[in-house]
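Everything on this sheet refers to the single structure shown next.
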Amino acid sequence: MTHRQPAIAPSEITPRAVFEQRRALLRQAGLLGAGMATGGLLLPGTARANLAPRPSALSTTEARTPHKDVTTYNNFYEFGTGKDDPAERAGTLKPRPWTVMVEGECAKPRRWDVDELLKLAALEERVYRMRCVEGWSMVIPWVGYPLSELIRRAEPTAKARYVEFTTLLDPKQMPGQRAAVLEWPYVEGLRMDEAMHPLAILCLGLYGELLPNQNGAPVRMVVPWKYGFKSAKSIVRIRFTEAEPRTAWNKAIPGEYGFYSNVNPNVDHPRWSQRRERRIGEFGKRDTLMFNGYAEQVASLYAGMDLRKFF
Ligand code: MTE
């Protein structure tokens, strides 16, 4: 080409204030620079990232719980114990910059930046039934990939029998940690074969976007055949251990919350039945399914185990 093409700066198309505010939001969300390489499209005029996950055969076709309910009816005790506390208060959490240390019984411990985790494997949409121990359920289109993708890169040793997940400890960002409702930081764990199961995902988004703070930004676990509290939010450390991890709810009330916590309509919570559940947005109740409806995929993990003893 012999003559010059006029270079049009984005600032000439978009009013300057809007443009600058948008850049600031994108920088905050980690979507400028390296983050752009995630294959994400940016919707014009917003800071929402379209993560463009590919659909998964492991998704349920059941009706999705509305985005509004998924993001305003939450359990995240680091921001208070009320269901609407996380949506109202989680603005103090800063999901960028953020790293996750992968360590313990493995040949290749490593600190991962969350933007590296976004690119580690192909993002999938996993629409999962989620069942809270309190008796309600939702159907949520998560975005993530199998945790096994991260685990195998760490090369766990033969001693690695469990995986422990630890949430951020920072009362400035998580004011609920000033109250002694649980022992902080929140800790959860899985047996190695559970953590390697294709249904267990490292989750970075929902409804096609980056995770909202109240849902555990920037990275959390999602383990759909277990009660919701096994899915730790806002994770900063993943550790391979020989001994069973001491988990937050088990430490707080060991008689009510066991290590396994598989969804099981046949084992009552000591204070209430687990037979039925209320799907958020529906009237009436429906039957709770063994392993939350994922028995075909996961029952073999527990062959020969007494699920009343290992609740
Ligand atoms: N993770 C942390 N760090 N803190 C919590 O209080 N609550 C658990 C789980 N993960 C919790 C957590 C419980 S009880 C549930 S039901 C789910 O998160 C709720 O996830 P959601 O709000 O994204 O639906």
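Just follow the structure's listing: the first ligand is 1, and inside any ligand the first atom is 1.
Enumerated by chain and number, the residues approaching ligand 1 to less than 4.0 Å through a heavy atom are N74, N75, F76, Y77, E78, C132, W142, T167, Y186, N215, R220, G228, F229, S231, A232, K233.
One side chain, E194 or Y302, offers a donor N or O that lies under 3.5 Å from an acceptor on the other. Side-chain contact of S137 with E277: a donor-acceptor pair under 3.5 Å is present, judged by distance alone. Looking only at atom types and distance, the side chain of N75 has a donor-acceptor partner in the side chain of K83 under 3.5 Å away.
Residues S231 and M130 are in side-chain contact: their nearest non-hydrogen atoms beyond the backbone lie under 4.5 Å apart.
Note that CD of E188 is 13.0 Å distant from CD1 of I238, once rounded to the nearest 0.5 Å.
Taking both residues in full, the closest heavy atoms of A232 and T167 are given as CB-OG1, 4.3 Å, listed atom of the first, atom of the second, then distance.
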